[in-house]
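Scroll down for the structure; my scribbles are underneath it.
Residue numbers count from 1 along this sequence.
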Amino acid sequence: PAGRGSGGCRSLHLNEDNGRFVLLAVLILVYLLCGAAVFSAIERPSELRAHGRWNGTLLNFSETFNISLQELNSFLREYEAAIAAGIRADALRPRWDFTGAFYFVGTVVSTIGG
């Protein structure tokens, strides 16, 4: 009822179990943030070097074959989309023939369960 007054603050009170849960959640979050910072510090320089090498390769290809970087990047985006869709340039058989589908279903059932 409206006349109770202090009833609304009780829901904010943490008992011991809830306090432990909140503390554990905060510690896990801090652990994950520290892990992300370490991983980023280790991997980012290598990623930047690889990106620089790739840009050099693209520029060299563009100049060698007289194609603009814009056209080359457009072609590469189309190629990435084809790969994501399962299209392979040197495919000897379709990706989703019966044996490929059977293998996929077996993998799903053994991993997730049936």
Side-chain angles (χ1 to χ4, degrees):
R4 288 198 134 163
S6 66
C9 291
R10 285 187 183 176
S11 64
L12 297 178
H13 177 69
L14 291 177
N15 65 27
E16 189 175 342
D17 289 337
N18 289 343
R20 286 182 187 159
F21 176 77
V22 169
L23 179 62
L24 180 61
V26 168
L27 289 175
I28 289 172
L29 180 63
V30 168
Y31 179 76
L32 291 173
L33 290 171
C34 290
V38 168
F39 185 78
S40 177
I42 290 171
E43 293 296 329
R44 184 69 178 148
S46 175
E47 180 183 11
L48 290 174
R49 285 190 302 274
H51 198 271
R53 284 191 307 270
W54 176 247
N55 284 339
T57 300
L58 286 179
L59 186 59
N60 184 35
F61 187 92
S62 171
E63 291 171 354
T64 301
F65 294 99
N66 196 25
I67 183 172
S68 74
L69 282 174
Q70 183 179 1
E71 289 174 315
L72 182 56
N73 282 321
S74 176
F75 173 76
L76 290 173
R77 277 191 292 278
E78 291 292 326
Y79 178 75
E80 287 175 347
I83 293 295
I87 298 169
R88 295 176 282 181
D90 60 351
L92 299 177
R93 63 179 179 82
R95 183 175 179 193
W96 290 110
D97 63 355
F98 183 79
T99 56
F102 186 80
Y103 174 77
F104 176 77
V105 169
T107 302
V108 169
V109 168
S110 66
T111 304
I112 299 172

Are Y31 and L27 close enough, and set up right, to give a side-chain contact (heavy atoms from CB on, under 4.5 Å), and what steps lead you there? CA-CA 6 Å; Y31 179 76; L27 289 175; over 6 Å; no
Single-linkage hydrophobic cluster [X]~[Y], side-chain heavy atoms < 4.5 angstrom:
{"X": "F98", "Y": "V105", "result": "no"}
{"X": "Y103", "Y": "V108", "result": "no"}
{"X": "F75", "Y": "L59", "result": "yes"}
{"X": "L48", "Y": "V38", "result": "no"}

Side-chain touch L23/R20, heavy atoms, less than 4.5 angstrom: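 They are not in contact (no side-chain heavy atoms under 4.5 Å apart), so the answer is no.
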Supply the atom-to-atom distance [X] [atom1] to [Y] [atom2], rounded to the nearest 0.5 angstrom.
{"X": "F102", "Y": "T107", "atom1": "CZ", "atom2": "OG1", "result": "10.0 Å"}
{"X": "N55", "Y": "L58", "atom1": "CG", "atom2": "CG", "result": "6.0 Å"}
{"X": "I87", "Y": "Y79", "atom1": "CD1", "atom2": "OH", "result": "11.0 Å"}
{"X": "L29", "Y": "C34", "atom1": "CG", "atom2": "SG", "result": "9.5 Å"}
{"X": "I28", "Y": "L33", "atom1": "CD1", "atom2": "CG", "result": "12.0 Å"}
{"X": "L72", "Y": "T57", "atom1": "CG", "atom2": "OG1", "result": "10.5 Å"}

So does R44 pair up with E47, basic N to acidic O under 4.0 Å?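 Counted as a salt bridge, because a side-chain N and a carboxylate O are separated by less than 4.0 Å.
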Looking only at side chains, do S68 and E71 share a donor and an acceptor under 3.5 Å apart?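 On atom types as modelled, these side chains qualify, holding a pair under 3.5 Å.
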For N18 and N15, work out which heavy atoms get closest and say how close.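 Nearest heavy atoms, N18 then N15: N-OD1, 2.8 Å.
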If you look at every heavy atom in S40 and P45, which pair is closest and at what distance?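 So the two residues come closest at O-CD, 4.3 Å.
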Check for a donor-acceptor pair, side chain of N73 on one end and backbone N or O of L69 on the other, with a separation under 3.5 Å.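 Yes, the answer is positive, given that a donor and an acceptor are paired below the 3.5 Å cut-off.
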Quick one: does S46's side chain have a donor or acceptor within less than 3.5 Å of a partner on E43's backbone?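 Such a contact is absent between S46 side chain and E43 backbone.
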